[in-house]
Q: 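The structure is given below, and queries will be raised subsequently.
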Amino acid sequence: MAAAQVVVATALVHDGRVLAARRTRPPALAGLWELPGGRVEAGESEAEAVVRECREELGTAVVVGERIATDLRIDAGVLRVHTARLADGAPQPRALEHAGLRWVAAGEVAAVDWVGADRAVVADLVALLG
Ligand code: DCP
């Protein structure tokens with residue numbers, strides 16, 4: 001059996017807030033907020049995938065930190081969250097995949113309308129933001 005597809009998500013932290021991105025697709029996820037990311041491609045490390053997805057989706061360079069959560073099961077496979085910080089440039093919703101971005105403070109994390117898998121890391125995000 002093939003290994004489960006790994007999807008990475010980025011807990012991008014800046015000035016005590018974490019970046020949330022509003023999905024436009026698929027219909028089941030449209031309007032909900034996620035930690036930006038996507039599928040790890042063949043031959044790519046998870047950290048490399050985080051860097052690539054942030055460049056593609058947000059137009060920004062990031063430095064990847066540690067993995068903050070256990071594996072989360074999603075329809076596409078398994079989701080792994082990595083912390084990151086900005087290396088250069090303010091994130092912009094570049095890809096059609098996102099309708100908007102917002103920086104979320106620790107006290108606001110629980111109230112965000114997250115996609116299902118990401119909701120499971122709310123406590124980790126609050127701890128991360130301290
Ligand atoms: N996903 C999630 N939470 C995240 C990021 C992704 O639950 N923080 C889920 C949504 C999708 C799957 O993972 O079902 C793949 O995510 P993307 O569609 O963002 O991945 P890609 O950008 O790689 O997709 P595509 O290949 O469609 O461009």
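Start at 1 and go down the list; that is how both ligands and their atoms are numbered.
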Q: Quick test of your reading of the model: are Arg52 and Glu56 salt-bridged, counting only N-O distances below 4.0 Å?
A: yes
Q: For atom 20 (O) of ligand 1, what is the nearest protein heavy atom, given as residue, atom name and distance?
A: Gly38 CA, 3.3 Å
Q: Could you grab the distance from atom CD of Gln92 to atom CG of Leu101, nearest 0.5 Å is fine?
A: 7.5 Å
Q: Taking the side chain as every heavy atom from C-beta outward, state whether Val13 and Thr83 have any pair of such atoms under 4.5 Å apart.
A: no
Q: On a heavy-atom basis, I'd like to know which of Gln5, Glu34, Glu56 is closest to atom 5 (C) of ligand 1.
A: Glu34
Q: Tell me which one of Ile74, Leu72, Val78, Val115 gets a heavy atom nearest to atom 9 (C) of ligand 1.
A: Ile74
Q: Students should be able to answer this: which protein heavy-atom is nearest to atom 3 (N) of ligand 1, and at what distance?
A: Asp118 OD1, 2.7 Å
Q: From the options Arg23, Glu57, Glu53, Arg119, select the one whose nearest heavy atom is closest to atom 17 (P) of ligand 1.
A: Arg23
Q: Taking 4.0 angstrom as the limit and counting only heavy atoms of Glu97, give me the atoms of ligand 1 inside it, by number and element.
A: 17 (P), 19 (O), 22 (O)
Q: Indicate yes or no: at least one non-hydrogen side-chain atom of Leu125 is less than 4.5 angstrom from one of Val104.
A: no
Q: Do the side chains of Glu34 and Leu29 get nearer than 4.5 Å, heavy atoms only?
A: no
Q: Report, in ascending order of atom number, the atoms of ligand 1 lying under 4.0 Å from any heavy atom of Arg25.
A: 27 (O), 28 (O)
Q: Considering only heavy atoms of Ala9, which atoms of ligand 1 have at least one such atom less than 4.0 Å away?
A: 8 (N)
Q: Does Val63 sit in a hydrophobic cluster with other residues, and if so which ones, taking ILVMFWY side chains as linked at heavy-atom separations under 4.5 Å, directly or through other members?
A: none
Q: Could you state the interatomic distance from CG (Leu32) to CZ (Arg119), rounded to the nearest 0.5 Å?
A: 9.5 Å
Q: Check each heavy atom of Asp75 against ligand 1 and say whether those closer than 4.0 Å belong to the side chain, the backbone, both or neither.
A: neither
Q: Check each atom of ligand 1 against the heavy atoms of Leu29 and keep those under 4.0 Å away; list them by number with element.
A: 10 (C)
Q: So with a 6.0 Å cut-off around CZ of Arg73, is the heavy-atom count from everything else above 12?
A: no
Q: Looking only at distances, can you tell me whether any N or O atom of Ala76, backbone or side chain, sits closer than 3.5 Å to an N or O atom of ligand 1?
A: no
Q: Using the side chain to side chain donor-acceptor pair (under 3.5 Å) rule, collect all pairs that involve residues 4-16, keeping only residues at least two apart or in two chains.
A: none
Q: Provide, to 0.1 Å, the distance between atom 24 (O) of ligand 1 and the closest protein heavy atom, together with that atom's residue and name.
A: Arg39 NH1, 3.0 Å
Q: Which ligand 1 atoms does Leu79 reach within 4.0 Å, using its non-hydrogen atoms?
A: 3 (N), 4 (C)
